Structure formats: C-alpha cells, structure tokens
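What follows is a single structure, written as structure tokens, with notes after it.
Ligands are counted one by one from 1 in listed order, and the atoms in each one are counted from 1 as well. These figures come from a predicted structure and were not determined experimentally.
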Amino acid sequence: MLDIANFIATRRDRGRHTSEELADFAAAVANGSVPDYQLSAWLMAAFLNPLSIEETAWLTRAMADSGEIMDLTGLPKPWVDKHSTGGVGDKTTMVLLPLLAACGLTVVKMSGRGLGITGGTLDKLSAIPGFRTNLTPHEMKEQAKLIGLALTGQTPNLAPADKVLYALRDTTGTVGSIPLIVSSVLSKKLAGGAETIVLDVKCGSGGLVQTEQEARKLAATLADVGKLLKLRVRIALTDMSQPLGSAMGNALEVKEAVQVLTGRARSAPVLRFRSLCIELAGLTLEACGMKDTLEDGKKAAEECLANGSALKKFQYWCQSQGATVDVTEPSFEFPNAPTIKTYNTPSTGWASVLDAQTFGRGVMRLGGGRKRKEDLIDPRVGIELHACVGQRLEIDAPLFTIHATDEETADKVAARTFEGVEITESSPPKRPLVLDLY
Ligand code: URA
C-alpha cells in the first residue's frame, strides 16, 4: 500500500520513485482513493523536481495500466497511431488517417475535444452531420477491420489516471511539465494499442510549447521515453508560429481537409497544410517499415492522394461513422455563418508575422472554441487566412475572411486579429514548416 504523504515528500526532496510506487500511485489515482489536495501537492512537487526519463517511462506504463488496453489482435498490421500536441488550424488528422489507411496501414485513434485556442479533431468531425465520435472499442475494431481506420473520443476506461491528473494539472499550474506531458500523451497511446506512433510536436505561439528550446526538449523526451517503452515513436517538430493552412474553425477546417483530399488545394496556406500531411504520412510509412525511406513514403502518400484512394477512404470513414451527407460532393455546402466578411491587407510589403495565437483567440471570440470544457461551440464560425508568412502582399488584397454570428462581432475580432499581423518592407527570415525530425 502506497504511503502517499511519504510519496509526496520523496518528490519534494528530489528523491526517486520506484516503478512499484508509481504503479500503486497510478492505480490509486484511477480508483479515486487519493484526495485532490494530495494529488495537487505531488503534481507541484513533480513540476518543480521533474521526473527522470526512467521514472517518466514507469509512470507512463502505470497510467496506461490503470485502465483498459485496446487489443488490436486480428487487425492487419502495421498498427499505427498519430498525435499532435495541438495548434491553430490543425486539421491534419482528417487527411492523414484516410491517407494512411489508403497506403495499407491500420489506424485506430482516440481524439480529444478542443480547449483554449487549440481546436480538437472531435469538434471538427462533429461539424459533419451525423458523424459519431463515441464508438465503443468493439465498434472501433470492427470498423478498422473493414476499412483500415477508426476514430473515437476518449473513453473513460482508457488511461483513467491520466484523466484525473490532466484535469488537476489544468487548474494547478502544472500543465507545462515535460515529464508530465510525456506521460500523459504516451499513456493514452500505449492504451490505444498501436505499435508505431507518429507525434507532431508543435512549436510556436499557437502551440502547447512556444519556444523552440522547450519544444526540442519535449520531442527528445518523447523519443527517449518511447524507446524505453519499446514503442516505435517518430516525431516531427513543426512550426506553429503561424496558423496551419487557411481555415480555422470547425466546419471551415473540414472543408479545407476535403479540398486537399479532392486535389483542389490551390492557395499557399492550403498547400502548406497539404505538405505537412505528406510529410507526416511519409514519416509514418517509413517508421512502420512499409517504406525504406522518408522520400519513398512521401511518394506513396502523393500517389494515394492523386489516385483518389485517400478520398475514397475518407468517404468510407464518414459513412461508417454515421455521416448522413457526403461532404466531398461538389454540391455539398455547410451551413454558412450569418456574416461573412473579408478584410484587406493594410499596406504593401512582406507578411512577416501572422501570429497563430492571435488568430486562435479570434476563433474563440467568434464562438468556435471553448474557454471551459462545458462551453458550446458554433461549427459555422471561424477565420480563413489568405496568406502565409514570407508572402508578398499588395495593399487592399484580401488578407483574411471572418465567419461570424453578426457584423459587429466580425469587426471587433478583425480589429484584434490585425494586432497579430506584421507587414514589413523587407522579407522575413525563412522558417520551415518541419523544423526537425526525431
Ligand atoms: N496533451 C495531452 O494529452 N496531455 C498533456 O499533458 C498535454 C497535451
């Protein structure tokens, strides 16, 4: 039986936990036998005195074992999963999952709802009429057997210790601890049953980690802990200083994902988003041994986009999860927001800053994101950005379009959004989308 007061004191005094202690701790967290004040004390001690790599791996395993582990036996291998640390306009999962399934992989994924400026894939998919995001583990497996992919919301039985700790971290100023982030992310991936995991660690004002130094530390720790847990983990460190793609907001993001899947991506921001999908697909195909090199993986992904097989998978996926309409039909239109207004570039020059956080805050103000878990979101609202950083802009050319419930809100959000835009006379230094691979 774990002596919790002693366990907290060990962390406070920079001592070391054993794997048995961490297993007992996670089990006690999951069964509700430790009060929040003791959990909060330990979380703060762990924030100030970070867990070692080994302790982080033990905690990760213990949190996964605190609940059910999905058994993917019987599904064709390789089994892969993908996770992003979250960002503004990050709709990658909606393209990447069908793309990977079209390449012959089995993808079973749990996704979350959005909180704060980072949107959640579940909210985006929920913009598709009828799309179910509450599949049971049995339904997930049956669907993955048929079409190679399935996605659901987090079930209460997977990594329940993480659910308790994550909610407390959110209210105790302890979200930012790298070992706690790593154990939270990887425990859910372990519980999901996949063997190859591709992680997109976002770096910049719109992400969980804002400085490159911290993001590199997070990526390296994810890689090290993954190795100790015998998971095949590959990581892309990617830019989140500007929004990803053009669309931010739930229905708008589905529309953009469909644009990529149907080969209708044309504008610079959408092509930038498309290139990340190809990069992550290539990395996944290489990581699970389906292709020898990243370049071969990217080539295979390009083929599946070009020959329509990724689009077909997306259509099967939507049908299988209950969609009542085909959002890929050219005649399909999502319901429009009551006001749609475009705002123009105020001066000629180079787009030097299009701050992801500012745009993300704008989407929240429009009603497209949540401040608190229980907030309702409006799938119709959002922002479309018509430029990328580094692009030459002409005065009065369209810069962004706001989809809002009324014109007054649109104008207010636009005024704040312009605060995150910088146009300069000289071109800014180039910042690649993929900063590094681990
Ligand atoms: N996402 C998670 O699942 N956990 C964290 O701690 C941070 C981001």
Does the side chain to side chain donor-acceptor pair (under 3.5 Å) test come out yes or no for Gln143 and Ser320, once each step is laid out? CA-CA 7 Å; Gln143 183 180 309; Ser320 306; 4.8 Å; no
Proximal protein residues to ligand 1, non-hydrogen atoms under 4.0 angstrom: Tyr166, Arg169, Ile181, Ser184, Val185, Lys188, Leu208
Extract all donor-acceptor atom pairs below 3.5 Å that involve side chains of residues 275-287 and protein atoms in other chains or at least two apart in sequence.
{"unit_1": "Ser275", "atom_1": "OG", "unit_2": "Arg272", "atom_2": "O", "d": "2.7"}
{"unit_1": "Glu279", "atom_1": "OE1", "unit_2": "Lys298", "atom_2": "NZ", "d": "3.0"}
{"unit_1": "Thr284", "atom_1": "OG1", "unit_2": "Leu280", "atom_2": "O", "d": "2.6"}
{"unit_1": "Glu286", "atom_1": "OE1", "unit_2": "Arg234", "atom_2": "NH1", "d": "2.6"}

Students often mix this up, so state it plainly: with edges at 30° and 60°, are the rings of Tyr343 and Phe418 parallel, tilted or perpendicular? perpendicular
NZ/NE/NH1/NH2 to OD/OE distance under 4.0 Å, Glu302 and Lys299: no
From the list Lys77, Arg232, Lys189, salt bridge (Lys or Arg N to Asp or Glu O under 4.0 Å) partner of Glu195 resolves to Lys77
Asp90 side chain to Ser84 side chain, donor-acceptor N/O pair below 3.5 angstrom: yes
